[in-house]
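Take a look at the structure set out below.
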Amino acid sequence: MNGIQLHDLPESAQNIVRLIGIGKALRLIERLGGTTFPVAKGLTRMGQARYELLAEVIGMDASDTLTAEYGGETLYVPSCKAALRRVRDRAIHTRFDAMVKGGHSANGAVAELALEHKISDRRIWDILKVLPDSQDVQQTLF
């Protein structure tokens, strides 16, 4: 997802990003997020199968890096749902502002955003009421 920043992610995901980069970390999170993954050393058949699954998702170089760091351990891959929601919400704010400045009505922009993000228009309005980087503070525009 475009626009994600390191500070958006939980610490465990930040460590993964530092090791393999944001793009590969996001692919890992998308595919295995919310699960505990035993990072094998690749010494047994089962270990080789786990390594191959990891390599399929993030590539061999990144798999080698994770294996060197976590081999023989269990790695929890966080789902990062809250972080991804914050990124989505910032994108909704940015796109809404651009659409309204470009001549769309607020209602029309909200309807289009709801369809784009596959969420209700009511949820879009709720997102727009909260300032983009203030979810923790819950400041509202209205």
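Here the structure is a predicted model, which is why all the values come from computation and not from measurement. All residue numbers in this chain count up from 1 along the given sequence.
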Student check: side-chain heavy atoms of His117 and Arg123 closer than 4.5 Å: no
Asp64 side chain reached by Thr67 side chain, heavy atoms, under 4.5 Å: no
Sidechain-backbone polar pair: His93 side chain, Ile127 backbone, donor-acceptor under 3.5 Å: yes
Heavy-atom pair with the smallest gap, counting every atom of Met60 and Ala55: CG-CB, 4.1 Å
Same apolar cluster (I L V M F W Y, side chains within < 4.5 Å links), Val39/Ile29: yes
For Ala13 against Cys80, the heavy-atom pair lying closest together: CB-SG, 3.8 Å
Leu43 vs Tyr51 side-chain heavy atoms within contact, under 4.5 Å: no
Any side-chain heavy-atom pair of Ile22 and Leu9 under 4.5 Å: yes
Residue pair Leu19 / Gln14, side-chain heavy-atom distance below 4.5 Å: no
Residue pair Val77 / Thr36, side-chain heavy-atom distance below 4.5 Å: no
Value rounded to 0.5 Å, distance of CG in Leu128 from CD1 in Ile92: 7.0 Å
Closest contact, heavy atoms only, Arg18 versus Leu6: NH2-CD2, 4.2 Å
Approximate separation, where rounding is to 0.5 Å, of His104 NE2 and Leu113 CG: 9.0 Å
Whether over 12 other heavy atoms sit under 6.0 Å from Glu30 CD: no
Heavy-atom closest pair, residues Asp121 and Ala114: N-CB, 3.7 Å
CG on Asp126 to CD1 on Ile119, rounded to 0.5 Å: 9.5 Å
Heavy-atom side-chain contact between Leu26 and Val17 under 4.5 Å: no
Check: Gly34 main-chain N/O paired with Ser79 side-chain donor or acceptor under 3.5 Å: no
Test log, rule side chain to side chain contact (heavy atoms under 4.5 Å, CB included), inputs Leu53 and Arg31: CA-CA 10 Å; Leu53 171 64; Arg31 180 82 181 270; 3.8 Å; yes
Between CD on residue Glu52 and CD on residue Gln48, distance to nearest 0.5 Å: 5.0 Å
Thr74 side, atom OG1; Phe37 side, atom CZ - distance, nearest 0.5 Å: 10.0 Å
Leu66 with Tyr76, same ILVMFWY side-chain cluster at under 4.5 Å: no
Heavy-atom check, side chain of Asn15 versus side chain of Glu69, under 4.5 Å: no
For the student: nearest non-hydrogen atoms of Trp125 and Ala106, plus distance: CH2-CB, 3.9 Å
Which atom of Ala62 lies closest to which atom of Lys24, heavy atoms considered: CB-CD, 3.7 Å
Spacing of Thr44 atom OG1 and Arg50 atom CZ [to the nearest 0.5 Å]: 7.5 Å
